[in-house]
Amino acid sequence: MSALKNDLLLKALKGETVSRTPVWMMRQAGRYLPDYIKLRDKYTFFERCENPELATEITVMPVDQVGVDAAIIFSDILVVPQAMGMEVQLIEKIGPLLPDPIKGAHDLQRLCVPDVQERLHYVFDALKLTKKTLDGRVPLIGFGGAPWTLLCYMVQGKGSKTFDEAKAFCYQQPAVAHQLLQMITDTTIAYLKAQVAAGADTVQVFDSWGGLLSPQDFEIFSLQYIRQIVTAMKDVCPTIVFAKGAWFALEDMAATGAHGLGIDWCIKPELARQFAGNNITLQGNFDPAKLLAPIPEIEKAVKEMLKGFGRQRYIANLGHGILPNVSVDHAKAFVETVKAHG
């Protein structure tokens, strides 16, 4: 493996001094890039995920075309439920569909904690090929979904703004919910460890729906399982936890031992730092929709964000995934403004 030529992201996660703020964007490998759209029109989503050459090509695109300081492997959080035995469909412009969702204890019998090397080898093959292709240019990020977020899809069977069926499942069948959450957690730990063995330099845990829970329920149904994952990865690689909307738990998430916390755009940088403390790296928190503004407005807002977070223990990013209707020029303006900030 080639030595890293740009290790800004890893330095920031470890709390080391950086010459400038590192920058990358969630969902940077995908839907806003014209070259990705060409592949999307030719191959299904899982064909893109399960072909290491295609996944590598997509992963490296934003490094080449936008200039980000890290690559994140092209995949999806729902490969884990798929590996556990569920049917998962990803329908373009509609979203995920799990046609036979979990309804009760009897449904757990058709799930398993899989051999990740057997069921998810294509992800590891893509990581190995991407690592070789990057040749040390930037770090490579692996990822997985937080157990609560994966449960939401596995029970609801599709996307939702409220995931009311998933919440009802947890409240009405808590023992079954916790059994499922533990199965997801065990699978995710094995999956993330194998990603690191295949070449990932750091991993991020996405809890996209953590903010739907009350503070008490976030601890019960989400954070206690994220804590297990972070603890298991402690001596393996730096970890980043991103729980969208769960600003109320920043202090508790910082206490897990994670190296970084993703921040969405609904909290001021100064307040996020106050909640999280000074011993953890913050990542975020530009509103993805603001990338649709004129470039001078993007540049101004990025500078304000950078001023709010400061240079040390900080990674510039969006507060959620980049939108499909953002132009590459606007994405580049975001990245280049961060890089130019003195």
inquiry  = Looking only at the side chains, is there a donor atom on one of E16 and Q312 sitting less than 3.5 Å from an acceptor on the other?
reply    = no
ask   = Hey, do the aromatic rings of F248 and F275 have their centres closer than 6.0 Å?
value = no
request  = Could you go through the side chain to side chain contact (heavy atoms under 4.5 Å, CB included) check for R137 and N6 one step at a time?
outcome  = CA-CA 6 Å; R137 290 165 59 194; N6 176 347; over 6 Å; no
query = What distance do T149 atom OG1 and F206 atom CZ have between them, rounded to the nearest 0.5 Å?
reply = 10.5 Å
ask   = Just by modelled atom types, is the V23 backbone N or O under 3.5 Å from a matching donor or acceptor in the D69 side chain?
value = yes
query = Is the shortest distance from a Lys or Arg side-chain nitrogen in D107 or R110 to a carboxylate oxygen in the other one below 4.0 Å?
reply = yes
key: Note, T59 side chain near L140 side chain (heavy atom, < 4.5 Å)   = yes
task = Determine, using the 4.5 Å side-chain heavy-atom cutoff (strictly less than), whether M25 and L292 are members of one ILVMFWY cluster.
result = yes
query = Is it true that a side-chain atom of Y314 and a backbone atom of G284 form a donor plus acceptor pair closer than 3.5 Å?
reply = yes
query = Is a side-chain N or O of K339 found less than 3.5 angstrom from the main chain of G67, in a donor-acceptor match?
reply = yes
task = Would you indicate whether E251, at its atom CD, is surrounded by more than 12 heavy atoms from other residues, nucleotides or ligands within a distance under 6.0 Å?
result = no
task = Answer yes or no: is there a donor N or O on one side and an acceptor on the other, between the side chain of H330 and the main chain of L291, under 3.5 Å?
result = yes
inquiry  = Is it the case that the side chain of E53 and the backbone of L129 share a donor-acceptor pair, with hydrogens and angles ignored and the cut-off at 3.5 Å?
reply    = no
key: W247 side chain near D264 side chain, heavy-atom distance below 4.5 Å   = no
inquiry  = Tell me whether R227 is salt-bridged to E219, with the criterion being a basic N under 4.0 Å from an acidic carboxylate O.
reply    = yes
message = Please tell me whether R311 and T21 have a donor and an acceptor in their side chains that are separated by less than 3.5 angstrom.
response = no
message = In this structure, would V205 and I77 fall into the same cluster of hydrophobic residues linked by side-chain contacts under 4.5 Å?
response = no
request  = Check the pair I141 / L9 against side chain to side chain contact (heavy atoms under 4.5 Å, CB included), numbers first and verdict last.
outcome  = CA-CA 10 Å; I141 304 170; L9 178 90; 4.1 Å; yes
key: D217/K167 salt bridge by N-O under 4.0 Å criterion   = no
inquiry  = If I take atom CG from residue D115 and atom CZ from residue R119, how far apart are they, to the nearest 0.5 angstrom?
reply    = 9.5 Å
task = Determine, stepwise, if the pair F143 / F242 fulfils ring-ring contact (aromatic ring centres under 6.0 Å, His included).
result = CA-CA 11 Å; F143 70 92; F242 173 64; over 10 Å; no
query = Is it the case that one hydrophobic cluster holds both I189 and W148, taking links as side-chain heavy atoms less than 4.5 Å apart, direct or via other members?
reply = no
task = Please check if the distance between the ring centroids of F221 and H178 is under 6.0 Å.
result = yes
message = So for atom CG, which belongs to N279, do other residues, nucleotides or ligands contribute more than 12 heavy atoms lying within a distance under 6.0 Å?
response = no
query = Would you call V203 and M233 a side-chain contact if the rule is heavy atoms closer than 4.5 Å?
reply = yes
inquiry  = Any donor-acceptor pair under 3.5 Å linking the side-chain atoms of T133 with those of T56?
reply    = no
inquiry  = Assigning hydrophobic clusters by single linkage (Ile, Leu, Val, Met, Phe, Trp, Tyr; side-chain heavy-atom cutoff under 4.5 Å), is M26 placed with L192?
reply    = no
inquiry  = Is there a path of hydrophobic side-chain contacts, each under 4.5 Å between heavy atoms, that joins V241 and F309?
reply    = yes
ask   = Does G321 offer a backbone N or O that forms a donor-acceptor pair with the side chain of R27 under 3.5 Å?
value = no
Donor-acceptor pair, side chain of Q156 and main chain of E165, under 3.5 angstrom = yes
query = More than 12 foreign heavy atoms under 6.0 Å from NZ of K307: is that the case here?
reply = no
key: Side-chain heavy-atom pair R31, I37 within 4.5 angstrom cut-off   = no
request  = Measure the shortest side-chain to side-chain distance between V88 and V79 over non-hydrogen atoms and say whether it is less than 4.5 angstrom.
outcome  = no
task = Ignoring hydrogens and angles, tell me if any N or O in the side chain of K5 forms a donor-acceptor pair with the backbone of D135 under 3.5 Å.
result = yes
inquiry  = Between F45 and F74 (judged by ring centroids, cut-off 6.0 Å), do the two rings come close enough to count as a pair?
reply    = yes
ask   = Heavy-atom distance under 4.5 Å between the side chains of F46 and Q89, does that happen here?
value = no
task = Would you kindly say whether S327 and D329 are connected by a side-chain donor-acceptor distance under 3.5 Å?
result = no
message = Contact between F334 and V68 at the side-chain level, heavy atoms closer than 4.5 Å - yes or no?
response = no
message = Do F163 and C170 have side chains that approach each other closer than 4.5 Å (heavy atoms only, starting at C-beta)?
response = no
query = Ignoring hydrogens and geometry, is there a side-chain-to-backbone donor-acceptor pair from T188 to I184 under 3.5 Å?
reply = yes
query = Between Q82 (side chain) and L78 (backbone), is there a donor-acceptor pair under 3.5 Å?
reply = no
